[in-house]
Structure formats: structure tokens, C-alpha cells
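Before any comments, here is the structure.
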Amino acid sequence: MSLLNSGNSKTRKGEKKGFTTYGIHLAPASLSGFNVCDSSSAGCRWACLNTAGRGAMNSVQKARIKKTLFFFKDKQGFLAELWAEVAKSIKSAARKNMVPCFRLNLTSDLPWEKIKFNGQSVMEAFPNVQFYDYCKSPERMTAFVNSQTAPQTWAGNWKHVATGGRDWPKNYHLTFSRSETNGALALAFLKSGGNVAMVFRKSLPATYYGHEVIDGDETDLRFLDGSGKIIGLKEKGLAKKDETGFVLEPA
């Protein structure tokens, strides 16, 4: 059973910019009996893209549950396999003259910066490649924002200057996900220089609450976005029927 896939229709858009994204789909929230999204809201659970595309297939859902159970019941075995697949994926991308990057929380929100194998997080074990995720955890996003003093830039490497977040991996970028329950936190992170993903109905505004809105559906390469930006996403799937406030109405 492979843990990593080579992305979905959105992450593959990054190939036009020379990046290949590898990711992990777990069974979201508590679907497997184990919670992988501690900070999820009713709105995001309803609108989750877990069943989008091939995710609607019963075989795919079973595979995601199987991976999730593997993680919780044999974590060291899971991590050993993950380390091997990351190394293999880096070599595979190089053969294609692509830059590899990894999004391990495609349908989860696990604290990968704290999950260790042989005393290291996966970011520490592979310090020269980029990892990135969306997250709803205030604690994780705070640690990430505190580790940044300037927008992250890509110039053959990722440049960060650590301040208060000394324990945060320099090659792990987070984008906070706004939901119907954390709007105040989302605005606070924006003011602190963090980026926040927001889902809008039908169209994207140019600005929202005084912050530039960029089209997050163009690519999934969130570590290239700069800082203090709203990552606008148009509602998809079940989110089109959202009535919780998870989906925003553009002004």
C-alpha cells in the first residue's frame, strides 16, 4: 500500500511552474474512528473534498481508512514507509527535472512537525525539500507565523529567518483555513503576516477586509504566495449547498 500519491487535479497544476506535489489522503475527521482533524468545524466537515473526484469511489474511501488505521495502529511502521516513499519521490521528480514538494495533510490536519521517526520530523529528515499544508490549528499556525520575519521566497531554496518559532521547520509552510467558527483568528493571522484560505461563493473579490485576495485555485503551491494574503477558493462539491457560514458571500 503506497502512502503518497502524485497529487490531484489541483496539485498537478503546479507542474506548469516546475513543481511536483506528493501528498497523503487520510480519512478525514473521525471517519476512521481516529480523529485526524482536531480543529475541524461542522462547516468544513460538511464541505470536505474527501469525496471529490475519485474520492467518491468506495475503494478509494476504504484505502484512505486503511492508511489512517495504519498510522494510528503502527505509527513507526507507517513512518518508515513514509520516509522511504519521500526519498523515492525526490529521486523520481529529479529524473523529470521537476522540483518535489510534499503536502501530507491533503484531507487531515496532523502536526507533522511534531511526529518523529528516529528522532526527527520528516521536515528535519529531508531539509532541502518543501513541505506545506493548510491547517485550522491556532497553535500550529501561531508557531509558524512566529517563525517568519519576511515573506518566504523561492530562489532555488526557501529563505526563512527564525524569531520566536525556533522549533518550527524552516521548510514547512502553513496556510490557515478560515471556517464559520474561527473568523476572528483568521483576521488576526492575516494582520500578523500569515496567509488565510477562505471559500467564496461563485466568484472572488479583489480584496476582503482590506487584504488582497489571490486565486488559490490556479495552483496549490501555497508556499509561493507571499504573506498577509487571502487565498480565495471557489466553493466546490457539497460546499455549494453550505448554510453554516463556511462559504462567504463576496461583497
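When a residue number appears, it is its place in the shown sequence, counting from 1. The figures that follow rest on heavy atoms only: side chains count, while hydrogens, waters and symmetry mates do not.
In this model, a donor atom of one side chain and an acceptor atom of the other lie less than 3.5 Å apart for T21 and Y132. Under 3.5 Å, the side chains of T207 and E212 contain no donor-acceptor pair of N or O atoms.
Using a 4.5 Å heavy-atom cutoff, the side chains of L82 and L4 are in contact. The side-chain heavy atoms of F223 and F19, taken from C-beta on, include a pair separated by under 4.5 Å. At a threshold of 4.5 Å between non-hydrogen side-chain atoms, the residues L204 and D215 count as touching. A 4.5 Å side-chain heavy-atom check between F200 and Y208 finds at least one atom pair inside the cut-off. By the 4.5 Å heavy-atom criterion applied to side chains, N35 and C37 are counted as neighbours. Looking at L104 and Y172, their side chains never come closer than 4.5 Å, going by heavy atoms from C-beta outward. By the 4.5 Å heavy-atom criterion applied to side chains, M198 and L233 are not counted as neighbours. Counting heavy atoms from C-beta on, the side chains of L190 and K229 never come closer than 4.5 Å.
W83 and A125 make their closest contact through NE1-CB, 3.3 Å (heavy atoms, listed as atom of the first residue, atom of the second, distance). Shortest non-hydrogen contact noted between C135 and L174 is SG-CD1, 3.8 Å. Looking at every heavy atom in both residues, P169 comes nearest to M123 through CB-CB, 3.6 Å. Across every non-hydrogen atom of E235 and K202, the tightest pair is OE1-N, 2.9 Å.
The hydrophobic clustering, which links ILVMFWY residues whose side-chain heavy atoms are closer than 4.5 Å, places M98 and V129 apart.
Atom-to-atom distance recorded for K17:NZ and L224:CG is 7.0 Å, nearest 0.5 angstrom. Between the CG atom of N171 and the CD atom of Q130 there is a distance of 6.0 Å, given to the nearest 0.5 Å. A distance of 10.0 Å separates CZ in F176 from CG in L187, rounded to the nearest 0.5 Å.
When K170, K116, K114 are each tested for a salt bridge (charged side-chain N to carboxylate O under 4.0 Å, His left out) with E124, only one passes: K116.
The pair K234-D217 does not meet the salt-bridge criterion, since no charged nitrogen lies less than 4.0 angstrom from a carboxylate oxygen. One finds a salt bridge joining R140 and D109 here, because a Lys/Arg side-chain nitrogen approaches an Asp/Glu carboxylate oxygen to under 4.0 Å.
Aromatic ring orientation, F78 versus W112: parallel (interplanar angle below 30°, classes split at 30° and 60°).
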